[in-house]
2 protein chains.
Amino acid sequence: MGRPPKFSREQLQAAALTLVDAHGLEALSMRSLANALGTGPMTLYNHVQDREDLDTLVADAVMAEARWSPTPHADWRDEVEDVAAAGWRAVRAHPRAIPLILTRRSRSTAGLEVAEALLAGLARSGRSGHALLVAFRAVTAFVSGMAQAELAGRLAVEAGESPEVVIDRFRSLPSDRYPRLIEIAGAAATSDPEVEFREGLRAVLAGLAAPRPPTPPQRAKKQGRDLTPSRRRS
Amino acid sequence: MGRPPKFSREQLQAAALTLVDAHGLEALSMRSLANALGTGPMTLYNHVQDREDLDTLVADAVMAEARWSPTPHADWRDEVEDVAAAGWRAVRAHPRAIPLILTRRSRSTAGLEVAEALLAGLARSGRSGHALLVAFRAVTAFVSGMAQAELAGRLAVEAGESPEVVIDRFRSLPSDRYPRLIEIAGAAATSDPEVEFREGLRAVLAGLAAPRPPTPPQRAKKQGRDLTPSRRRS
DNA sequence: ACCTGAACACCGTTCAAGT
DNA sequence: ACCTGAACACCGTTCAAGT
């Protein structure tokens, strides 16, 4: 009976994230992680339900790194910006894990923490209920969408191409079909992702701060989304 | 020499998407697709570079379904909203393919088409260069972020739980730690995703329409992101 | 309660051969 | 140019057994 676990959840997370950071997502498997920890694959099933669960563990490890100021700012928008930027920094620090985060963020406890902090800031705008939900979705959508954009660039670089080559290829798209795409590819060549994030987020927050036009009443309906609590192992 | 291809790109796309729609992402493999088409796995390598390439093919098939009005609206924001909503509808029509879209949208030709149409609308706001890039990122980030939210709900339902159960589980989170999360879980219970999308997008567009505060000049730097052209097979 | 090796039913992909 | 079967090096996971 009562035998102490051989590995802690934190050990698993750290080892898995290290593997992903160093060698990419494809390098993470039950077998490779077990190997990195010096055991057989089956041992992992004492700590993790699934391969899926392992992926969630990694996403959670990334989100757990997010740090923001605990003291509220004067302006609620600054507070939201602070938390959102923290989440985004955590994601950017682990580019190879981004697909996992895009796909499992809402199953991570650490993700819930970030969400609640974001909501605390947004609630200070005077919103509650449905309006708060919409604002929350807008901000989180923006953050994870920016992470998606980040991923796209890294994928190509990963595939062995320099950023310059990627942009050049865009520039060599048929210019009659994709004139604007080519234009922003040029802009992207000298752009700082941090600035893009900041400016974009401020635009979103400005939109949320502006008086909102009346909207038709809700039809009662439908399922909850982005609301899945993380399943805790045993 | 010159032998006509046994399958067209469209056939592959259709068969793969059907498989995913019907049985989920895990049901798509080189072998299962080959089987559905009545060949051996190796035949697929005449049409596709990779397993990765197959994923991109599916994402492309989904984005190719996006349809929007070809005639420009009076207000540029309505035009952007039209295109963005079209992209979102396409995504929602294939919920089980969402992880692929989140992860490979920027490698899809059909995705480029949507992007260019979005840019055409945004350019009418008077933006170009860096400002256009930022506006573009904000809108696409919002759309794919909303898709991410959509995914989260479907995952749980897929896992065999009714939407009500999912929301109930959220409501039963520790209420001292996650008060706001619980609040919006309640709001989400009666919320229509379509309304959320519309309201959120309008907030983003309102923010983009508002006069922008001055921003510090760009440091020259960095790589392009979200700009990877799709690799065409021979 | 937790650990673990063997075995099974899958994968993607290389190779070599065919037309 | 395109098709294809056999074979290889991987996967996640079930089972049964150990402490």
Side-chain angles (χ1 to χ4, degrees), chain A residues 1-13 15-16 19-20 22-59 96-97 99-100 103-104 107 155 158-160 231-234, chain B residues 1-13 15-16 19-20 22-59 96-97 99-100 103-104 107 155 158-160 231-234:
Chain A
M1 350 154 310
R3 205 216 273 219
K6 195 170 174 184
F7 302 108
S8 70
R9 177 185 156 85
E10 285 71 25
Q11 273 178 294
L12 285 210
Q13 285 188 307
L19 220 44
V20 172
H23 303 109
L25 263 187
E26 339 70 44
L28 179 65
S29 71
M30 292 283 171
R31 292 171 125 102
S32 70
L33 179 57
N35 206 290
L37 290 167
T39 11
M42 288 318 297
T43 303
L44 298 182
Y45 285 86
N46 296 306
H47 302 87
V48 140
Q49 284 207 268
D50 245 357
R51 166 55 209 257
E52 280 243 359
D53 203 29
L54 179 57
D55 285 341
T56 306
L57 215 63
V58 174
R96 306 180 111 166
L100 259 31
T103 252
R104 333 205 74 73
R107 289 194 169 265
L155 271 182
E158 201 114 320
R231 224 176 335 139
R232 277 287 67 84
R233 61 225 89 272
S234 85
Chain B
M1 347 153 311
R3 205 216 273 221
K6 194 170 176 184
F7 302 108
S8 70
R9 176 185 156 84
E10 285 71 27
Q11 274 177 291
L12 285 209
Q13 285 188 308
L19 219 46
V20 172
H23 303 109
L25 264 187
E26 339 69 43
L28 178 65
S29 70
M30 292 283 170
R31 292 171 126 103
S32 71
L33 178 58
N35 206 290
L37 290 166
T39 12
M42 289 317 297
T43 302
L44 298 182
Y45 284 87
N46 296 305
H47 303 87
V48 138
Q49 285 206 267
D50 247 355
R51 167 56 209 255
E52 279 243 358
D53 204 28
L54 179 58
D55 285 342
T56 307
L57 216 61
V58 174
R96 305 180 113 166
L100 261 29
T103 251
R104 337 206 72 73
R107 291 192 168 265
L155 271 182
E158 200 115 320
R231 225 174 334 140
R232 275 290 63 83
R233 59 225 92 267
S234 78

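- Among the atoms of the strands shown, only primed sugar atoms or phosphate atoms (P, OP1, OP2) are found under 4.0 Å from some heavy atom of A:Met30.
- For the pair B:Met42 CE and C:dG18 P, the computed distance is 17 Å after rounding to whole Å.
- Comparing C:dT13, C:dG12, D:dC15 by their nearest atom to the side chain of B:Arg31 picks out C:dG12.
- Checking C:dT13, C:dG12, C:dC2 against the side-chain heavy atoms of A:Asn46 singles out C:dC2 as nearest.
- When B:Gln13, B:Met30, B:Gln49 are each tested for a side-chain contact (heavy atoms from CB on, under 4.5 Å) with B:Leu54, only one passes: B:Met30.
- Under the 3.5 Å distance criterion, with hydrogens and angles disregarded, a donor-acceptor pair is assigned to the side chains of B:Arg104 and B:Thr56.
- Whole-Å rounding puts the B:Arg51 CZ to C:dG12 P distance at 5 Å.
- Pairing for D:dG18 is with C:dC2, a Watson-Crick or G-U wobble pair whose two hydrogen-bonding atom distances lie under 3.5 Å.
- If you take CG of A:Leu28 and C1' of D:dG12, they are 12 Å apart, rounded to a whole angstrom.
- Distance, B:Leu37 CG to D:dT4 P: 11 Å, rounded to whole Å.
- Look at CG on A:Leu12: it is 14 Å from C1' on C:dC3, rounded to the nearest Å.
- At D:dC2, none of the side-chain N or O atoms of B:His47 fall inside 4.0 Å of OP1 or OP2 (strictly under the cut-off).
- The partner of C:dA9 is absent, by the rule that a Watson-Crick or G-U pair needs both atom distances under 3.5 Å.
- Residue A:Lys6 places no side-chain N or O under 4.0 Å from the OP1 or OP2 atom of C:dA1.
- Residues B:Pro5 and B:Asn46 have side chains not in contact (no heavy-atom distance under 4.5 Å, counting atoms from C-beta outward).
- Following rounding to the nearest Å, A:Leu44 (CG) and C:dC2 (P) show an atom-to-atom distance of 14 Å.
- The separation between A:Asp55 atom CG and D:dG12 atom P is 9 Å, rounded to whole Å.
- The separation between A:Glu26 atom CD and C:dT13 atom C1' is 15 Å, rounded to whole Å.
- At D:dC3, none of the side-chain N or O atoms of B:Thr43 fall inside 4.0 Å of OP1 or OP2 (strictly under the cut-off).
- Separation of atoms CZ (A:Arg96) and CG (A:Leu19) is listed at 10.5 Å; rounding is to 0.5 Å.
- Taken to the nearest 0.5 Å, the CG atom of A:Asp53 stands 10.0 Å off from the CG atom of A:Leu12.
- The side chain of B:Tyr45 places an N or O atom within less than 4.0 Å of a non-bridging phosphate oxygen (OP1 or OP2) of C:dT13.
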